[in-house]
4 protein chains.
Amino acid sequence: MSVLIKNGRIITASDDYQADIFIDKDKISIIGENLSIPADKIIDASGKYVIPGGIDPHTHLDMPFMGTVSSDDFVTGTRAAAIGGTTTIIDFAIQTIGHSALEGLEIWHAKAEGKTAIDYGFHMILTDTEGDKISELKTLINEGVTSYKLFMAYPGALYMDDGNIYRTMRKAGEHGAIVCMHAENGIVIDEIVRNAVADGKTEPKWHALTRPDRMEAEAVHRTIAIGDVAEVPVYIVHLTSAAALEQVAMARNDGQAVFAETCPQYLFLDHSYYEKENFEGAKYVMSPPLREKWNQAELWNGLGTGNLQVVSTDHCTFRFNDQKQMGKDLFTQIPNGAPGIENRMSLIYQGGVLDGHISLNKFVEVTSTAAAKIFGLYPRKGTIAVGSDADVVIFNPNRKETISVDNPITHNMNVDYNAYEGFEVNGVSETVLSRGKIVVEDNKYVGNEGDGQFLKRGLFSD
Amino acid sequence: MSVLIKNGRIITASDDYQADIFIDKDKISIIGENLSIPADKIIDASGKYVIPGGIDPHTHLDMPFMGTVSSDDFVTGTRAAAIGGTTTIIDFAIQTIGHSALEGLEIWHAKAEGKTAIDYGFHMILTDTEGDKISELKTLINEGVTSYKLFMAYPGALYMDDGNIYRTMRKAGEHGAIVCMHAENGIVIDEIVRNAVADGKTEPKWHALTRPDRMEAEAVHRTIAIGDVAEVPVYIVHLTSAAALEQVAMARNDGQAVFAETCPQYLFLDHSYYEKENFEGAKYVMSPPLREKWNQAELWNGLGTGNLQVVSTDHCTFRFNDQKQMGKDLFTQIPNGAPGIENRMSLIYQGGVLDGHISLNKFVEVTSTAAAKIFGLYPRKGTIAVGSDADVVIFNPNRKETISVDNPITHNMNVDYNAYEGFEVNGVSETVLSRGKIVVEDNKYVGNEGDGQFLKRGLFSD
Amino acid sequence: MSVLIKNGRIITASDDYQADIFIDKDKISIIGENLSIPADKIIDASGKYVIPGGIDPHTHLDMPFMGTVSSDDFVTGTRAAAIGGTTTIIDFAIQTIGHSALEGLEIWHAKAEGKTAIDYGFHMILTDTEGDKISELKTLINEGVTSYKLFMAYPGALYMDDGNIYRTMRKAGEHGAIVCMHAENGIVIDEIVRNAVADGKTEPKWHALTRPDRMEAEAVHRTIAIGDVAEVPVYIVHLTSAAALEQVAMARNDGQAVFAETCPQYLFLDHSYYEKENFEGAKYVMSPPLREKWNQAELWNGLGTGNLQVVSTDHCTFRFNDQKQMGKDLFTQIPNGAPGIENRMSLIYQGGVLDGHISLNKFVEVTSTAAAKIFGLYPRKGTIAVGSDADVVIFNPNRKETISVDNPITHNMNVDYNAYEGFEVNGVSETVLSRGKIVVEDNKYVGNEGDGQFLKRGLFSD
Amino acid sequence: MSVLIKNGRIITASDDYQADIFIDKDKISIIGENLSIPADKIIDASGKYVIPGGIDPHTHLDMPFMGTVSSDDFVTGTRAAAIGGTTTIIDFAIQTIGHSALEGLEIWHAKAEGKTAIDYGFHMILTDTEGDKISELKTLINEGVTSYKLFMAYPGALYMDDGNIYRTMRKAGEHGAIVCMHAENGIVIDEIVRNAVADGKTEPKWHALTRPDRMEAEAVHRTIAIGDVAEVPVYIVHLTSAAALEQVAMARNDGQAVFAETCPQYLFLDHSYYEKENFEGAKYVMSPPLREKWNQAELWNGLGTGNLQVVSTDHCTFRFNDQKQMGKDLFTQIPNGAPGIENRMSLIYQGGVLDGHISLNKFVEVTSTAAAKIFGLYPRKGTIAVGSDADVVIFNPNRKETISVDNPITHNMNVDYNAYEGFEVNGVSETVLSRGKIVVEDNKYVGNEGDGQFLKRGLFSD
């Protein structure tokens with residue numbers, strides 16, 4: 001199959017020009033002026049942006065957590081992603097303590113294989129690298145799993161102590177891999193939580209009040225310091241606060257290989273959401289939590305300056321009507337997570353480009369290119385260039401939608417609420433190609449389960 | 001005329017891929033895999049980089065200065081630039097105090113027209129914007145001169161005081177233009193110089209010792225502060241020191257529109273060169289002067305972090321055997337300036353990419369793309385993309401040369417010494433196209449006087 | 001005459017203890033427990049603080065400025081100072097451009113001699129150090145005038161350019177003297193003012209809006225940079241803003257000899273005062289102007305951290321009913337200045353100690369000791385120690401007063417308004433000794449014109 | 001008994017004046033000019049400084065550690081301290097994990113009681129505050145033990161995890177106490193050590209190479225962050241590096257209650273000492289280790305700026321000839337610690353005052369006053385003021401000594417080497433009074449075992 005995209009305005013992380021694109025099978029084959037090559041399908045992109053498909057490097061589909069399982073699985077989650085203009089996700093496979101990481105990878109392969117609408121890769125959450133297990137990193141790399149996520153949060157569950165972190169980082173560094181960190185001092189936070197619970201503080205807002213931003217910034221600083229000694233590039237996931245950002249900015253200014261992502265929820269939502277009545281604050285219970293509103297301007301500035309490189313979603317959905325209710329009586333029982341996979345591109349275009357914080361090029365960079373480069377997918381993914389996978393989004397900057405659980409153009413996620421309910425966006429992904437195949441046409445999903453392939457990723461390169 | 005470049009590895013500021021390029025007349029028309037379009041000329045770029053032609057936004061050709069005239073004019077200077085892989089320069093037209101800026105522009109047009117090997121634009125050095133003269137900015141913009149350089153140095157000559165700087169900045173900001181600054185506190189420096197001369201200090205090294213880096217950093221800070229109040233983007237030319245860089249980094253981190261260039265001389269040479277015997281220190285007399293060697297690592301780091309965006313040359317040649325001798329008895333009489341236009345690309349590839357400070361993409365960005373974007377030449381210049389001018393360099397990363405005034409591959413500048421004499425570079429521009437015309441082939445200049453055109457530049461956009 | 005102060009709590013910049021003080025003539029002679037030495041006068045200080053008399057190193061009494069003369073002269077101003085607990089002032093003698101500085105000093109000696117209630121010194125405002133005049137510094141030092149104030153503000157009047165500043169600083173540095181700076185970029189500000197006036201902006205608030213804090217911070221940075229090159233300690237007068245403070249903090253952290261004072265108006269008042277109706281904003285027209293309120297917390301923090309060392313007043317009074325009216329139609333004609341000499345000690349005790357920003361020791365340090373040390377008056381002034389001048393204040397921390405132009409305990413200044421009208425202070429200077437003589441007793445002035453002496457000051461020592 | 005000290009130059013943290021001091025029993029009773037009060041003993045201090053006795057808030061006497069016991073006990077250690085001009089120490093009592101802290105305090109009381117030459121207090125090293133044990137803090141405060149030391153180093157021994165640190169800090173903060181931290185990330189360090197040992201790296205220098213300064217700075221940052229959330233003042237013990245100091249400086253600049261001490265070893269010695277032949281590097285094995293020499297200038301600057309407040313010694317002696325030999329084959333077996341208690345005052349006077357880094361007042365502050373204030377001993381200790389304990393040192397600034405294990409004026413410590421062997425100091429404590437009793441006269445110890453008393457300390461006050 002071949003596709004010819006005519007008259008679009010092509011935007012990459014660096015370029016911005018008018019041209020036609022000829023797609024031969026799954027690759028971008030030719031880019032040129034006024035191409036008149038015969039094709040199976042011709043798309044007129046006049047007046048629209050032609051951008052690389054979004055890459056969301058932080059999703060949790062079909063994930064067992066806190067006694068339940070995230071409600072979007074690899075079928076529903078990736079379909080919603082596609083509709084929202086995202087053509088690649090990197091989800092997280094999890095190692096069980098005491099077990100082989102490869103065992104965990106196996107389990108996640110089984111969850112995803114043949115199910116996804118778009119291509120996908122896996123980071124590996126490592127929880128145990130004692131003894132021989134550290135040597136599995138080499139195998140994982142061969143399997144295309146080249147990034148490892150560690151947790152300073154969640155003691156007793158995913159938590160890893162500084163010694164194991166150092167050992168894992170050191171080995172990852174030797175192999176040329178990158179280490180991702182959930183940076184919150186969970187040990188201190190658990191102590192604060194215990195005090196709060198003992199004092200009878202049970203409402204959702206206490207989730208946030210027991211996780212101070214200073215404990216995020218502390219963990220970010222520690223990650224950077226240990227990463228420096230271990231000689232490994234580090235990547236801070238879901239950074240939320242000005243205090244944490246300052247740590248990243250200082251290290252980057254010194255020339256250390258430090259990267260960080262933030263998420264739409266931290267750019268658009270804030271602490272006041274926890275005060276919503278009727279337990280609705282529970283919808284926003286996630287870790288790290290939403291912060292005071294003033295942090296948002298600092299995060300947008302961070303995207304503009306380049307101190308933040310990526311916007312991911314940390315998409316991890318739990319239904320309000322039953323799953324979130326598990327914590328009705330105690331905030332610690334509320335499953336942590338919120339939806340976002342489908343709305344990321346429109347939100348960042350609206351809040352970033354239209355509201356004047358970032359350029360069009362930067363929009364492409366933070367939603368796609370940077371993640372591709374950091375996580376070993378470039379040049380296959382993350383750009384519009386000859387030879388790259390034809391993961392292409394026709395983005396209409398002249399279409400306005402109101403995000404709502406009831407609007408099928410904005411909500412196909414398997415969850416009964418939208419975190420951005422009522423937000424208006426002026427710009428929508430209309431047509432989406434995944435490796436040359438049209439999977440979304442005029443905002444309608446036209447693909448099939450299993451269109452997506454597993455991506456063996458390469459090593460980090462700067 | 002058409003050209004087909006086969007099998008090259010195309011590098012832009014963001015991308016890196018294998019493809020063929022079809023050039024139709026003066027533009028890049030098609031980029032594709034295995035193109036077999038008939039062309040007047042086919043170039044095999046196997047094993048080589050295909051990069052956007054270099055842009056040197058800081059040159060002084062045929063410039064009257066300190067009682068003499070820079071020895072490279074628009075014929076010799078641009079020819080040397082082309083041979084070195086640079087296809088665009090932005091030179092400086094100068095307003096005479098009390099005269100119209102347009103008068104100055106006229107003079108520089110006369111110097112350049114019909115002479116250049118490559119395309120060129122002009123910044124305007126403004127020395128007098130009192131009264132009605134400030135309104136000339138509008139005309140200058142219409143003439144495609146959209147950036148203005150001001151001097152905090154050289155009192156009594158090019159110097160402008162803070163009030164005039166503010167007024168000029170404010171007006172430039174209103175028009176959407178950008179202001180470039182020679183940031184040294186010339187008022188203080190002149191006082192220090194007077195003291196040194198009074199104390200009988202006459203050798204070349206006193207040129208440097210009377211211009212402390214703190215007086216550069218001070219002027220950089222002042223430029224940034226006034227630029228902030230005037231609401232205009234500012235661009236620091238020839239930044240030399242860690243102290244000055246720190247000021248730029250802090251402002252950029254705060255999100256202000258501040259840009260800065262450094263030059264090869266500050267990355268490769270250092271204060272010790274002033275100690276050379278037989279008056280040879282005079283070869284390196286330029287302003288700002290060479291600094292202590294430890295600054296070099298900080299500047300390279302600045303290029304890596306993005307706190308420095310551009311490498312220009314400040315090419316301004318004076319022959320050692322006669323012109324530099326004017327200051328034999330007194331350093332203040334040595335014409336300020338040094339050569340570099342021809343060696344920039346190879347030096348930055350060697351010192352930046354091969355020595356591990358910057359990536360290949362960053363190499364393209366700092367030598368070409370960033371200048372194009374900052375100075376309103378993008379997307380016409382600064383990239384390899386469909387629709388852009390076919391300013392293309394075939395760069396051979398496997399060819400070693402020793403820079404020398406005697407090596408015709410490295411020195412065609414009209415000056416009797418090379419500042420980098422004896423430096424070895426592993427990477428050379430071999431074939432150079434300017435708007436689709438081959439002007440250098442296998443390191444030999446094959447173009448004609450007047451191939452280059454004047455570039456009306458657009459406004460700064462972020 | 002001898003005085004015995006019994007049972008007081010003695011507070012110095014470092015110490016805090018209960019003891020009796022025996023004053024023999026003009027000196028503190030003995031400090032001890034339960035002293036029972038016969039004395040001409042016994043003061044019971046039970047329940048009160050015994051602190052060193054305040055030193056206000058920034059006053060402008062009887063100063064011709066902007067076509068009028070400040071309304072407090074050396075009689076009324078020093079009397080008010082004494083009542084407020086200040087026993088030493090350092091006022092500013094002014095050199096007229098083109099004239100000898102010594103001539104200016106002579107004039108100020110004539111203004112003050114035989115008039116003052118308390119001891120006084122002079123800084124010299126230098127406006128012209130060209131040619132031979134620079135050599136007067138040596139004479140000035142011999143005359144006990146060891147600090148020089150320069151202006152980056154007020155072009156055409158007190159302004160000195162960077163070259164003259166450098167020359168003056170260098171010479172001052174050679175002599176071991178210190179240079180004080182009014183740090184605002186007056187050259188830029190004048191340009192902004194011209195624009196505002198041209199736009200018909202005439203109300204008092206435009207005084208503030210045309211003097212942005214960034215232009216203060218810029219001048220502070222420049223002062224520090226030039227001071228560093230000139231190798232002289234520098235002292236920033238009346239620092240007002242967080243932006244300016246940050247510059248001081250960075251330099252001090254680097255170990256440079258940089259000092260700064262702020263004033264009560266910047267700690268207690270803010271930009272909103274310019275919005276007062278009926279031209280009352282004019283009461284607060286001073287340079288630099290009042291800032292946005294959030295700066296106050298930063299300034300208090302600066303006193304706490306030691307980045308700010310001194311609180312002076314910049315006392316410079318103009319009557320609202322006639323003098324301030326000169327600018328009724330145009331803010332540039334409003335004489336710059338406001339009262340404060342009498343209320344400083346109570347305000348800083350209230351806002352600093354009682355509101356928890358500084359300790360009692362720090363209160364003494366910022367109101368007295370630090371100025372004594374910086375300006376060559378220590379150990380004669382600035383402490384309660386054997387051998388020091390008996391400049392002693394009995395401060396009652398249990399007495400509440402409401403500052404008002406109508407309250408004779410808080411307002412004896414010769415001006416028809418109080419800048420702190422209605423502020424409540426819990427702590428008042430009740431009895432004041434100047435060189436052993438009681439000049440204020442139970443809040444009543446009991447001294448004579450001419451009690452005060454001129455102070456020949458020593459050199460700065462760190 | 002009464003003592004009259006005549007003609008000395010009295011130096012406190014703030015003051016500097018000539019006066020006589022009359023000591024009645026154990027207190028300073030009167031300070032005055034030309035006192036002629038009858039006294040049991042008259043000391044002529046002409047030409048000498050009279051300063052508050054030194055306070056060394058960090059010593060480890062008679063401490064079981066690493067399978068041996070520190071060689072100086074409370075008899076020999078405090079005698080050496082006295083000879084060196086120190087009149088108060090604060091040693092560390094240790095809680096055994098699983099046991100009551102009070103039990104540990106009991107043990108240390110038994111070690112010290114009736115043995116010491118000078119007054120002493122205890123910090124409590126807490127290792128276990130789980131369950132009810134946290135409530136012992138209240139009792140400890142009542143016992144005059146108002147500061148708690150925690151360890152981020154030494155996992156499996158003194159180490160406490162972040163959760164326990166937070167809990168302990170929070171409770172300490174509620175009580176108004178202060179928390180001291182050994183700030184090194186011991187968890188990471190142990191991992192690095194294991195790797196080094198596995199690689200056959202056994203020499204003393206590996207002790208330093210396995211404890212990178214970045215892991216000190218990390219722990220300092222973490223201490224500050226947790227302290228901020230726990231709302232408690234924190235005190236970093238034995239800070240060694242520029243990287244760690246930077247963390248302290250930033251927090252102090254923000255106004256947080258953060259304090260830090262360094263020690264003479266970090267100001268005078270450096271990493272190169274580990275390269276000494278014949279295992280002599282072992283003499284300098286301590287934690288944190290000696291750093292690269294360039295850090296010294298930064299530490300001295302930190303004392304000058306006030307970012308460092310205290311110089312203690314961390315005196316902890318192990319004989320070279322037998323105890324240090326325990327690690328002959330493996331650096332991890334070398335008992336950590338070095339001598340210093342006796343040489344601190346002379347070293348800091350020499351390196352600080354004479355070499356121009358700090359003033360005389362600052363010398364007194366960092367060796368005595370600051371520790372008294374931070375640790376609840378002021379005004380009883382730490383100053384020369386009426387009512388204070390007569391802990392007084394007559395310091396001769398005109399006497400030169402060469403520090404040596406063989407020089408009885410510089411070495412009375414019970415250890416067979418001196419860390420500063422061969423260093424010359426120009427300034428020596430000659431006569432020392434402890435609570436009015438002369439314990440050292442003309443450099444000879446004339447006191448008795450048990451002269452010293454246990455000091456119940458008050459709470460931290462800022």
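Note that this is a predicted model, so its numbers are computed, not measured. In what follows, chains carry the letters A, B, and so on, assigned in the order in which the sequence lines appear, proteins first and then strands, with residues in each chain numbered from 1. What you see below is based on every heavy atom in this structure, not just the backbone, and it leaves out hydrogens, waters and symmetry mates.
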Distance (rounded to the nearest 0.5 Å) between H221(A) NE2 and H221(D) NE2: 5.0 Å
To the nearest 0.5 angstrom, please state how far the OG1 atom of T168(A) sits from the CD atom of E191(D). 8.5 Å
Do N195(D) and Y166(A) come close enough that some side-chain heavy atom pair is under 4.5 Å? yes
V188(D) versus D162(A), closest heavy-atom pair with distance: CG2-O, 3.5 Å
Under 4.5 Å from any heavy atom of chain A, what part of Q247(D) do you find: side chain, backbone, both or neither? side chain
Apply the test side chain to side chain contact (heavy atoms under 4.5 Å, CB included) to residues M250(D) and M250(A): give CA-CA distance (whole Å), side-chain angles for both, the deciding distance (0.1 Å), then the verdict. CA-CA 12 Å; M250(D) 285 192 289; M250(A) 285 192 290; 4.1 Å; yes
Check whether A217(A) gets within reach of chain D through its side chain, its backbone, both or neither, counting any heavy atom under 4.5 Å. backbone
Looking at side-chain heavy atoms only, is the closest gap between V229(A) and I192(D) below 4.5 Å? yes
Is the number of heavy atoms from other residues, nucleotides or ligands within 6.0 Å of CG (D199(D)) greater than 12? yes
Option that, when pairs with chain A are counted at under 4.5 Å, heavy atom only, ranks first among D161(D), D190(D), N185(D): N185(D)
Report the C-alpha distance between E218(D) and I224(A) in whole Å, list the side-chain angles of each, state the deciding distance to 0.1 Å, and finish with yes or no for side chain to side chain contact (heavy atoms under 4.5 Å, CB included). CA-CA 9 Å; E218(D) 184 283 307; I224(A) 291 169; over 6 Å; no
